[in-house]
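In listed order, ligands and their atoms are each counted from 1.
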Amino acid sequence: MSRAALRFSLLLLAALGRAGADSEHDQEHGDEDSPHSREKGPGHSHWSYEDREHWGVDYKDCAGTMQSPINIDTAKTIFSPQLRPIQISGYSLPANEKLKLRNNGHTVVLELPNSLAITGGYAQQYRAVQLHLHWGSPLGPGSEHTVNGHRFPAEIHVVHYNTKYDNVQKAMVQPDGLAVLGAFLEVGPMENPYYQEILQHLYKIRQEGKEVSVPGFNIAGLLPANLKLYFHYNGSLTTPPCYQTVKWTVFNQTILLSYNQMSMLVTSLTNDDSKPLQNNYRMVQDLHGRRVLASFQTTLFSVKQLSSDSDGSAAAEHSSSSFHAGDVLAVLFGVLFAVTALAFMLYICKHRSQNTRLDSPTKSKVIYTAATTEATA
Ligand SMILES: *[C@@H]1O[C@H](CO)[C@@H](O)[C@H](O)[C@H]1NC(C)=O
Ligand SMILES: *[C@@H]1O[C@H](CO)[C@@H](O)[C@H](O)[C@H]1NC(C)=O
Ligand SMILES: [Zn+2]
């Protein structure tokens with residue numbers, strides 16, 4: 001066997017080994033963490049947020065070029081009128097339908113029945129699997145995505161898989177396998193009754209691995225009221241194994257929780273070392289040339305536009321004219337100024353010629369006469 005062939009076989013073996021290891025993992029912050037621990041005690045998953053800069057060593061996709069989260073620079077987003085409002089169905093669950101709420105050591109996960117679905121806004125159909133949250137600490141915010149460099153207090157992710165695959169495990173390794181709806185949480189004056197349906201149970205699942213059964217409620221209440229305004233891009237799971245299979249929707253409208261509710265979210269849970277479960281967010285990742293689409297015009301007069309299907313695929317920029325709001329305004333005010341100046345000069349000239357014709361001894365009288373002349377004209 002030649003040296004090259006040997007090296008190739010070794011690489012292949014390594015890749016297969018890695019693939020096998022990866023398949024033990026579940027969806028983003030999934031229900032079941034692998035019992036095989038590399039460093040810590042049994043039941044603990046192998047990765048941690050302290051270790052987030054090194055995820056790429058064990059999970060090679062985490063070092064890829066289509067990673068999430070990202071910073072959304074609204075001035076660089078591309079307005080895409082083809083991005084239709086996100087439509088969801090089956091989100092309103094009766095109280096007798098019980099849902100599992102679990103502390104998996106990385107976040108709180110609410111398992112969702114697959115009767116919940118995204119039925120509009122994406123080119124394909126997706127079913128829900130679970131939702132979970134990312135947050136900071138009493139000292140700082142903890143959203144994963146940022147907008148124009150701003151980090152929000154917290155962020156919700158509702159994970160869905162493409163219905164053309166049998167289940168989420170199969171879907172999550174396909175390029176078009178997953179759709180995640182993300183939205184930012186901020187502090188407002190009122191208690192949010194939908195979030196209360198989750199938050200009121202957190203004290204029962206303080207320790208990692210604990211779970212509780214909670215009554216169904218209207219899950220749509222956890223998302224913003226406006227599902228028309230959003231950003232869209234191709235990215236990844238934000239936790240190992242970081243598969244680059246997520247079509248992201250990040251809503252422009254935020255959700256409000258009371259100050260007390262935000263405190264509950266940030267202080268209620270612990271991880272396996274009984275340390276507070278806080279700052280469970282990943283740093284923003286490089287775009288590596290990816291485009292971020294917007295379903296709305298982020299700046300007035302923006303002419304940047306894209307024609308594409310509702311999925312944003314097969315997109316082609318049909319106009320990238322760099323004629324910005326500032327330019328339009330500058331021209332507008334320039335013309336306005338010129339017209340005013342011209343009118344003023346004409347007025348002065350007219351009066352000057354009249355004044356010289358009325359060869360009067362006092363200036364005040366001249367002006368008075370001129371004014372009367374004009375008024376009666
Ligand atoms: C929503 O869009 C506006 C307009 O571009 C932007 O200024 C604002 O920061 C965005 N907010 C979020 C949460 O996306
Ligand atoms: C996402 O990836 C798909 C498949 O490669 C592509 O067709 C689509 O244009 C991409 N979307 C964006 C927003 O770049
Ligand atoms: Zn997440």
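Atoms of ligand 2 found under 4.0 Å from any heavy atom of R291, numbered from 1 in the order shown, are 9 (O), 12 (C), 14 (O). Taking every non-hydrogen atom of F184 and a distance limit under 4.0 Å, the qualifying atoms of ligand 1 come out as 13 (C). Those atoms of ligand 2 with a heavy atom of N234 less than 4.0 angstrom away are 1 (C), 2 (O), 3 (C), 8 (C), 10 (C), 11 (N), 12 (C), 14 (O). Listed by number with element, the atoms of ligand 1 under 4.0 angstrom from any heavy atom of F296 are 2 (O). Set against the non-hydrogen atoms of L293, the atoms of ligand 2 under 4.0 Å away are 13 (C). Atoms of ligand 1 lying under 4.0 Å from any heavy atom of F152, numbered from 1 in the order shown and given with element: 13 (C).
Where the criterion is an N or O separation shorter than 3.5 Å, residue side chain and backbone included, T298 meets it with respect to ligand 1. No N or O atom of Y233 sits closer than 3.5 Å to an N or O atom of ligand 2.
With hydrogens and angles disregarded, no donor-acceptor distance shorter than 3.5 Å links the side chain of R291 to the backbone of H232. Judged by distance alone, with hydrogens and angles left aside, the side-chain atoms of N162 form no donor-acceptor pair with the main-chain N or O of Y126 at under 3.5 Å.
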Exercise for the section: Evaluate the criterion side-chain hydrogen bond (donor to acceptor under 3.5 Å, both in side chains) for residue pair E208 and N103; output intermediate values, then yes/no. Expected result: CA-CA 5 Å; E208 173 174 353; N103 172 353; over 6 Å; no
Problem - Worked verdict on H134 versus E155 for side-chain hydrogen bond (donor to acceptor under 3.5 Å, both in side chains) - result: CA-CA 5 Å; H134 299 267; E155 185 171 336; over 6 Å; no
Practice task
Could you give me the CA-CA distance, side-chain angles and deciding distance for E211 and K100, then say whether salt bridge (charged side-chain N to carboxylate O under 4.0 Å, His left out) is met?
Solution key: CA-CA 7 Å; E211 63 186 46; K100 209 196 292 177; 3.7 Å; yes
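Partner of F231 under the ring pair (Phe, Tyr, Trp, His ring centres under 6.0 Å) criterion, out of F296, F251, F184, F79: F296 alone.
Protein heavy atom at the shortest distance from atom 7 (O) of ligand 1 is N148 ND2, 4.6 Å. Closest to atom 9 (O) of ligand 1 among all protein heavy atoms lies V147 CG1, 3.6 Å.
Centred on the Zn ion (ligand 3), the angle running from H134 (NE2) to H132 (NE2) is recorded as 100°, rounding to 10°.
Residue contacts with ligand 1, taken as heavy atom pairs separated by less than 4.0 Å, involve N252 via backbone and side-chain atoms alike.
Contact annotation for atom 14 (O) of ligand 1: protein present (non-hydrogen atoms, distance under 4.0 Å).
Looking at H157, its N, O or S atom nearest to the Zn ion (ligand 3) turns out to be ND1.
The cationic atom of R84 (NZ for Lys, CZ for Arg) does not lie both less than 6.0 Å from the six-membered ring centre of Y122 and within 45° of the ring axis.
Note: H106 and W47 have parallel aromatic rings, judged against thresholds of 30 and 60 degrees for the angle between ring planes. Note: H157 and W248 have perpendicular aromatic rings, judged against thresholds of 30 and 60 degrees for the angle between ring planes.
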